[in-house]
There are 2 protein chains.
Amino acid sequence: MRNLPERDSPERDMPDHGISVSRFSTRPLYLQARDAIAQRIAAGEWKPHVAIPNENELARTFGVSPGTMRKALDLAEAERLLTRRQGRGTFVNDPSSGEQRERYNSIRGRDGKRICGDVEVLNLLETTVNERECLRLRLRLRERVIRIRRLRLTDGKPYMLEDVAMPAKLFPNLTTHQDASQRFVVLAQQFGVLLGKGEERLAIGAAAPDVAAALQVEEGATVMRLDRVIYTLEGKPAEWRLGQCLMEGRHYLAELN
Amino acid sequence: MRNLPERDSPERDMPDHGISVSRFSTRPLYLQARDAIAQRIAAGEWKPHVAIPNENELARTFGVSPGTMRKALDLAEAERLLTRRQGRGTFVNDPSSGEQRERYNSIRGRDGKRICGDVEVLNLLETTVNERECLRLRLRLRERVIRIRRLRLTDGKPYMLEDVAMPAKLFPNLTTHQDASQRFVVLAQQFGVLLGKGEERLAIGAAAPDVAAALQVEEGATVMRLDRVIYTLEGKPAEWRLGQCLMEGRHYLAELN
DNA sequence: AAGTGGTCTAGACCACTCA
DNA sequence: GAGTGGTCTAGACCACTTG
């Protein structure tokens with residue numbers, strides 16, 4: 001256990017709802033503090049664009065030192081949960097606004113700017129996972145997924161057909177909602193799912209008949225296949241998407257780190 | 001200026017060769033310390049696989065507190081200059097070994113593993129920049145570049161044609177060297193250039209006659225165009241590469257952050 | 001002037017590795 | 001057991017923003 005300054009039992013007077021910071025856990029305090037921050041944001045307790053308490057106050061309420069609190073805040077900022085601005089405060093990020101909304105969209109136009117088209121839902125259902133979904137979403141057989149087929153358009157012209165699958169567990173009763181045409185990032189926010197890293201596999205393919213019809217091109221036309229998985233902050237798969245995209249006048253921008 | 005504990009002029013007894021840490025600079029001390037680390041590595045003063053002095057000793061020699069030194073080391077580790085292992089020490093990374101060597105190579109085979117083929121140099125010269133090189137490498141007109149055309153092969157079969165351009169300033173007398181077939185990462189190491197981020201633009205194209213000939217496919221065959229720029233740690237462009245790649249049985253893996 | 005995050009200090013103990 | 005990095009503490013002053 002770690003050094004306990006003066007106080008005998010720091011967590012005695014803390015209520016035990018949700019995630020708290022405990023010295024009886026082996027998990028480092030700064031990670032516990034970050035978890036607590038993430039939990040408050042996911043639960044909507046701290047809302048986007050609103051400032052959260054300052055470092056010293058947070059340190060006091062979590063029962064850790066300011067230095068440890070700072071480390072937790074640094075981490076949360078790197079994970080895009082927060083934005084800190086010197087002299088102003090620490091603000092909860094809004095995944096559905098500005099750059100953040102298009103975080104996982106790497107398709108750019110000739111000008112190098114992101115293409116943010118309209119979305120048209122072609123199909124939406126909840127079923128049992130198939131084999132590929134099992135693999136990508138790391139689900140067990142017989143688990144349920146929400147499956148969406150949708151079309152993205154710019155200026156009324158379709159450019160990408162998407163087949164999306166999401167674990168039904170993470171998005172309860174999504175099919176009864178009206179808003180399946182929302183961007184995934186916005187959906188996740190509404191369901192209290194915080195998103196982390198993702199990976200996307202790109203290959204070149206030929207449009208199958210149904211794909212060609214949806215994209216309004218001839219069968220066998222060359223398309224870019226974008227096979228993408230987005231994970232939650234904790235690393236669980238939250239979305240698998242197979243996109244089939246016409247690349248004339250467009251490119252994909254990848255960051256190398 | 002920052003708080004100067006007891007000592008009047010901390011840098012008086014420090015020799016002034018190369019990068020040092022000075023309280024008369026407005027640059028934060030932890031960044032100055034990281035710069036000093038990077039400089040020693042780039043200069044070959046600290047060699048790959050060898051442990052550098054421990055945190056407290058570094059803090060003493062740079063004249064900063066252990067906490068500040070730690071922040072510098074954390075940064076250097078995030079930038080892949082170092083690897084720290086609890087209980088063992090801090091070791092200089094070797095860009096030319098293992099995972100590091102293929103850091104910027106995102107092409108994978110059917111099994112998901114990186115494809116690390118052989119390299120055949122078709123052409124190598126030093127000339128004045130052309131328009132596109134100017135743009136990508138942020139050079140001025142009339143500056144010099146090293147231009148290489150090379151072929152990558154697996155099992156003796158070509159799969160990617162690469163046109164590479166590098167600022168001649170960063171790689172003096174490269175054309176006289178024998179080793180232009182080296183991977184870029186290895187070249188950079190040899191010339192004391194530390195590498196940072198990169199970006200790659202992917203598009204679908206058709207093979208021009210010379211490209212088709214080099215790749216041993218028919219003219220107009222579908223290829224993936226990989227337009228990549230790699231920057232130094234300080235953010236200056238160090239390499240521009242236009243790859244034209246046959247994607248049958250291969251895919252590109254992009255990380256999303 | 002007051003409040004915020006950014007930087008910095010000078011220690012402490014813990015977990016891990018290795019001789 | 002000695003040495004390393006990993007975590008944690010409890011302060012300080014600085015730079016920036018806002019009323």
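All chains are named by letter (A, B, ...) in the order of the sequence lines, taking the proteins before the strands, and each is independently numbered beginning at 1.
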Whole-Å distance between [N] [atom2] and [X] [atom1]?
X	N	atom1	atom2	answer
B:Asp74	D:dG6	CG	P	7 Å
A:Phe62	D:dC8	CZ	P	14 Å
B:Leu75	C:dC8	CG	P	12 Å
A:Met69	D:dG11	CE	C1'	18 Å
A:Leu31	C:dC14	CG	C1'	15 Å
A:Leu29	D:dG6	CG	C1'	12 Å
A:Arg27	D:dC8	CZ	P	11 Å

For [X], all residues meeting salt bridge (Lys or Arg N to Asp or Glu O under 4.0 Å), sequence neighbours excluded:
X	answer
B:Lys169	B:Glu143
B:Asp118	none
A:Glu102	A:Arg183
A:Arg241	A:Glu162, A:Glu200

Think [X] has a side-chain N or O under 4.0 angstrom from the OP1 or OP2 of [N]?
X	N	answer
B:Tyr30	C:dC8	no
A:Ser65	D:dA10	no
B:Lys71	C:dT7	yes

Mind jotting down which residue pairs meet the salt bridge (charged side-chain N to carboxylate O under 4.0 Å, His left out) criterion with at least one end in residues 72-93 of chain A? Sequence neighbours excluded, please.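 Pairs touching residues 72-93 of chain A that pass the test: A:Arg34-A:Glu79, A:Glu55-A:Arg84, A:Asp74-A:Arg84.
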
Give each protein N/O atom lying under 3.5 Å from an N/O atom of nucleotides 3-5 of chain D, with the pair distance.
| residue | atom | partner | partner atom | Å |
| --- | --- | --- | --- | --- |
| D:dG3 | N2 | B:Gly87 | O | 3.0 |
| D:dT4 | OP1 | B:Asn54 | ND2 | 2.9 |
| D:dT4 | OP2 | B:Asn54 | ND2 | 2.9 |
| D:dT4 | O2 | B:Gly87 | N | 3.1 |
| D:dG5 | OP1 | B:Thr90 | N | 3.4 |
| D:dG5 | OP1 | B:Thr90 | OG1 | 2.8 |
| D:dG5 | OP2 | B:Glu55 | N | 3.1 |
| D:dG5 | N2 | B:Gln86 | NE2 | 2.8 |

Could you pull out all residues at least two apart from B:Thr83 that satisfy side chain to side chain donor-acceptor pair (under 3.5 Å)?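 Expected list: B:Asn93.
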
A:Pro66 side-chain proximity, nearest of D:dC8, C:dT9, D:dA10: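 Nearest to the side chain of A:Pro66 among the choices is D:dA10.
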
Have a look at the helix from C:dA1-D:dT18 to C:dC18-D:dG1 and give the angle its two end axes make, five pairs each, rounded to 10 degrees.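 Computed from the C1' atoms at both ends, the axes differ by 10°.
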
Apply side-chain contact (heavy atoms from CB on, under 4.5 Å) to the pair A:Cys134 and A:Arg140, showing each step before the final yes or no. CA-CA 6 Å; A:Cys134 245; A:Arg140 277 184 293 273; over 6 Å; no

Side-chain (A:Arg228) to main-chain (A:Trp240) donor-acceptor, under 3.5 angstrom: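 No; judged by distance alone, with no hydrogens or angles, the pair does not exist.
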
Residues in side chain to side chain contact (heavy atoms under 4.5 Å, CB included) contact with B:Glu199, at least two apart in sequence or another chain: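 If we apply the side chain to side chain contact (heavy atoms under 4.5 Å, CB included) test to B:Glu199, skipping adjacent residues, the hits are A:Leu253, B:Arg201, B:Tyr231.
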
